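For reference, the structure discussed in these notes is given below.
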Amino acid sequence: MTTNHQNDQFTNPNILPTGTPQGQSELQRPQGETPVDDETTHFGYQTVHKSEKQAKVAEVFTSVARKYDVMNDLMSFGIHRLWKRYAISLSGVRSGQSVLDIAGGTGDLAKVFSREVGRSGRVVLSDINEAMLEVGRTRLINAGCNNVDFVLANAETLEPFEDNSFDLVTISFGLRNVTDKDKALSAMHRVLKPGGRLLVLEFSKPVFEPLSKAYDLYSFTALPIMGKIVANDAESYQYLAESIRMHPDQKTLKQMMENAGFINCDYHNLTGGIVAVHRGFKARS
């Protein structure tokens, strides 16, 4: 059910370099889910108690919710729309199916899925942040998406949703903000129907050293400045830059998905590995 075909414009994920993780300078913190004790986790480069992270992330996204789409366009020069389009092309979604878009925020993916599943299908846009969910609700209702439900949900439990409920589960630029990623991946596996698929679109690790250095310079200088000018919030965008560096790399996230029970997992690097789309399936039996 999976393929390793890579379009010419995408980097082959099988030739990732080994050694020091990419996407950081020597002066920056080590990348990925570095070991912390059972009670602490990362909030950007800070080590915080696990109970604190959810509230801190909520503060960030409540602050940026109204300017989120504008900042996405500015930060990525509009390329985030192409990344999302490519992820959707891997979804295999069909008319009549059910889709859960976790941490769906302002509804970019949910809007497309609403059209793809049609009147007989169902899309659920979920987010843990009420301010982000409200922006998404307003946007999609105004767009006439009448087959979309809006649910406040924690990605770590997905408690409102029953087992084996969805044909497709997606999370776009949200997994790195989850406190317990392993727990969240297990919850995503639980709510998928047998044969269903998970798509994770997330910032990842550049695979070319020159790109890594340029990306670091841009992330830690331009992003906070744009955040200050456009959203009057430099600190939130400093956190977002740091959270990208602390997110597991491509191979690590693939292994985490397999540990959660997903099969036929693969990933596709976009823009030199700045972003990657991970895909996994729930076994049919």
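This structure is a prediction, so every number in the text was calculated from the model and none was measured.
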Worksheet item: Between Val275 and Leu201, is a side-chain contact (heavy atoms from CB on, under 4.5 Å) present by the stated rule, with each step listed?
Response: CA-CA 7 Å; Val275 166; Leu201 174 63; 3.3 Å; yes
Discussion item. Has Asp266 got a side-chain atom pairing as donor or acceptor with Gly280's backbone, closer than 3.5 angstrom?
Written reply: no
Item to complete: Could you tell me whether the side chain of Thr138 and the main chain of Val135 form a donor-acceptor pair under 3.5 Å?
Response: no
Discussion item. Quick one, Asp249 with Thr252, criterion side chain to side chain donor-acceptor pair (under 3.5 Å). Give me CA distance, side-chain angles, the key distance, then yes/no.
Written reply: CA-CA 5 Å; Asp249 64 18; Thr252 303; 2.7 Å; yes
Worksheet item: ring pair (Phe, Tyr, Trp, His ring centres under 6.0 Å) with Phe150: which residues, sequence neighbours excluded?
Response: none
Practice prompt. Identify the two heavy atoms, one from Ser98 and one from Ser165, that lie closest to each other, and give their separation to 0.1 Å.
Written response: OG-O, 3.1 Å
Worksheet entry | Single-linkage hydrophobic cluster, 4.5 Å side-chain cutoff, Val123 and Leu152 together | yes
Discussion item. Check the orientation of Phe262 and His189. Use parallel for under 30°, tilted for 30 to 60°, and perpendicular for over 60°.
Written reply: perpendicular
Worksheet entry | Test item: His278 side-chain N/O and Gln250 main-chain N/O as donor-acceptor pair under 3.5 Å | yes
Worksheet item: Where the side chain of Ser186 meets the backbone of Asp182, is there a donor-acceptor pair that is under 3.5 Å apart?
Response: yes
Worksheet entry | Heavy-atom side-chain proximity of Val277 to Tyr86 below 4.5 angstrom | yes
Worksheet item: Between Glu202 (side chain) and Arg176 (backbone), is there a donor-acceptor pair under 3.5 Å?
Response: yes
Worksheet item: Which is it for Glu159 and Asn154 under the side chain to side chain donor-acceptor pair (under 3.5 Å) test, yes or no, and what are the steps along the way?
Response: CA-CA 8 Å; Glu159 285 183 350; Asn154 187 329; over 6 Å; no
Worksheet item: Can you check whether Val148 reaches Phe113 side chain to side chain, under 4.5 Å on heavy atoms?
Response: no
Worksheet entry | Sub-4.5 Å side-chain heavy-atom contact between Ser204 and His247 | no
Worksheet item: Is there a donor-acceptor contact under 3.5 Å from the side chain of Asp167 to the main chain of Gly196?
Response: no
Worksheet item: side-chain contact (heavy atoms from CB on, under 4.5 Å) between Val124 and Phe161: does it pass, once the steps are laid out?
Response: CA-CA 10 Å; Val124 177; Phe161 309 116; 3.8 Å; yes
Worksheet entry | Considering all heavy atoms, the nearest Ser172-Lys84 contact | OG-CE, 4.1 Å
Discussion item. Under the criterion side chain to side chain donor-acceptor pair (under 3.5 Å), I'd like the reasoning laid out for Lys205 against Asn269: C-alpha separation, chi angles, the key distance, then a yes or no.
Written reply: CA-CA 9 Å; Lys205 305 302 178 284; Asn269 284 327; over 6 Å; no
Practice prompt. For the pair Asn147 (side chain) and Ser114 (backbone), establish whether a donor and an acceptor sit closer than 3.5 Å, ignoring hydrogens and angles.
Written response: yes
Practice prompt. Output yes when a side-chain donor or acceptor of Arg137 lies under 3.5 Å from a complementary backbone atom of Leu125, and no otherwise.
Written response: no
Fill in: Any Val117 side-chain heavy atom under 4.5 Å of Val93 side chain
yes
Item to complete: Verify, without hydrogens or angle tests, whether Arg197 (side chain) and Lys282 (backbone) share a donor-acceptor contact under 3.5 angstrom.
Response: no
Worksheet item: What heavy-atom pair brings Ile79 and Thr271 nearest, and what distance separates the two atoms?
Response: CG2-OG1, 4.2 Å
Worksheet item: Looking only at atom types and distance, does a side-chain atom of Arg279 sit under 3.5 Å from a main-chain N or O of Asn264, one as donor and one as acceptor?
Response: no
Worksheet item: Taking the six-membered ring for Trp, are Trp83 and Phe173 parallel (under 30°), tilted (30 to 60°) or perpendicular (over 60°)?
Response: tilted
Item to complete: Take Ser126 and Leu100, measure what side-chain contact (heavy atoms from CB on, under 4.5 Å) needs, and give me the verdict at the end.
Response: CA-CA 7 Å; Ser126 76; Leu100 172 61; 3.9 Å; yes
